Amino acid sequence: KTTIRTHVGETRLTIHDEIINLSDSSATAQMLYHVNLGPPFLESGSQLVAPVEQVVPRSEDAVAGLDTWTNIAGKKAGFREEVYFAKLHGDEQDHSEVLMKNRDATLGVGLRFNLGQLPYFTLWKNTTAEADGYTTGMEPATNFPNQRSFETEHNRVITIPPGGNHKMDLTLEIHTTPDAVAQREAAIAKLQAIAPAKVMRQPIPQWCPPL
């Protein structure tokens, strides 16, 4: 069941999803919100701001771009996608958020969600030529976007009992002024202050199956 809420004049919307198990047996489920961004939010010099607990490159292409993994490059024909898996810091109620800001920090798109509902985050960079889909995806999820069998093996697939449910809330907000962008950056910096990001230099077997 999906409910989408917004108000006239606001620049945000909230998605409330509920997966309901109508069976008399336990069932498993997965959910990933694939929020793709392009211009004007995405441009050479745009940057992801996120309170990272741990980040892992998904492939050798991602390893090569690890030192600048939060930075967005300009359009490049033939670019090979770079994917980064992460766990994020949250507040006392497990609320977390991420922000994609443009080069001048005058525009941004923010996502807010709860890590108890959506504990994993993926950044998908596909900064190829615009005609081929110049975009980057911010992806909070119940698990990483691997094969279901692999995620099940590593206990990242949610189990819903008979008649039970799993609820997820995601708020997407457009920030249209430098002050609004700065406010969200400050909120994320407060979460990041919990602990420095742990950056893994290579894919790890618990998160990344062989390609």
Side-chain angles (χ1 to χ4, degrees), residues 1-20 29-53 69-75 84 86-128 130-131 133-142 145 158 165-194:
K1 294 173 63 176
T2 295
T3 304
I4 300 174
R5 292 188 175 94
T6 189
H7 295 277
V8 175
E10 286 188 345
T11 59
R12 68 174 178 266
L13 60 84
T14 298
I15 302 168
H16 174 75
D17 281 325
E18 184 176 2
I19 304 174
I20 303 169
Q30 300 171 291
M31 177 68 96
L32 179 143
Y33 293 91
H34 194 78
V35 183
N36 278 0
L37 303 176
F41 306 103
L42 205 70
E43 60 184 348
S44 178
S46 292
Q47 186 178 30
L48 173 76
V49 185
V52 177
E53 177 183 334
W69 78 276
T70 59
N71 298 336
I72 305 303
K75 306 174 185 72
Y84 300 92
K87 293 196 72 174
L88 306 180
H89 292 298
D91 65 14
E92 294 85 354
Q93 288 78 44
D94 276 342
H95 297 305
S96 191
E97 64 177 290
V98 298
L99 168 74
M100 183 67 72
K101 63 177 183 175
N102 71 346
R103 178 176 54 241
D104 299 325
T106 56
L107 291 173
V109 177
L111 301 179
R112 299 183 216 177
F113 45 94
N114 188 279
L115 299 176
Q117 300 172 340
L118 300 164
Y120 302 100
F121 180 78
T122 298
L123 181 70
W124 175 66
K125 297 169 72 172
N126 189 48
T127 52
T128 185
E130 189 163 1
Y134 178 73
T135 189
T136 289
M138 300 191 296
E139 305 175 3
T142 58
I158 59 176
N165 62 65
H166 184 78
K167 298 177 181 180
M168 294 156 290
D169 297 281
L170 178 71
T171 297
L172 186 153
E173 185 166 7
I174 308 299
H175 305 293
T176 58
T177 67
D179 285 347
V181 173
Q183 285 181 3
R184 299 331 309 161
E185 284 196 86
I188 294 170
K190 185 176 179 180
L191 293 176
Q192 186 64 75
I194 294 171

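Positions are given from 1 along the sequence. Predicted model, so just to flag it, every value in this text is computed and none were measured. Computed from heavy atoms alone, side chains included, the values below leave out hydrogens, waters and symmetry copies.
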T136 side chain to L37 backbone, donor-acceptor under 3.5 Å: no
Short side-chain to backbone donor-acceptor contact, T14 and T171, under 3.5 Å: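 No, the answer is negative, given that no donor and acceptor are paired below the 3.5 Å cut-off.
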Over all atoms of both residues, closest heavy-atom pair of [X] and [Y]:
X	Y	result
G108	V181	N-CG2, 3.9 Å
M138	L99	SD-C, 4.3 Å
M100	S46	SD-CB, 4.4 Å
A50	V98	CB-CG1, 3.7 Å
G90	I194	O-CD1, 3.4 Å
T135	N36	OG1-CB, 3.5 Å

Ring geometry between W69 and Y84 (parallel below 30°, tilted from 30 to 60°, perpendicular above 60°):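 Ring orientation, 0 to 90° scale: tilted.
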Straight-line distance of F121 CZ to K87 NZ, nearest 0.5 Å: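 Those atoms lie 14.5 Å apart.
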Derivation of the side-chain contact (heavy atoms from CB on, under 4.5 Å) call for F41 and N102: CA-CA 5 Å; F41 306 103; N102 71 346; 5.6 Å; no
Under-4.0 Å salt bridge between R103 and E43: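 A salt bridge is present here (some side-chain N lies under 4.0 Å from a carboxylate O).
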Quick one, [X] and [Y] - any side-chain contact, counting heavy atoms below 4.5 Å?
X	Y	answer
D17	Y33	yes
V52	Q192	yes
L172	I15	no

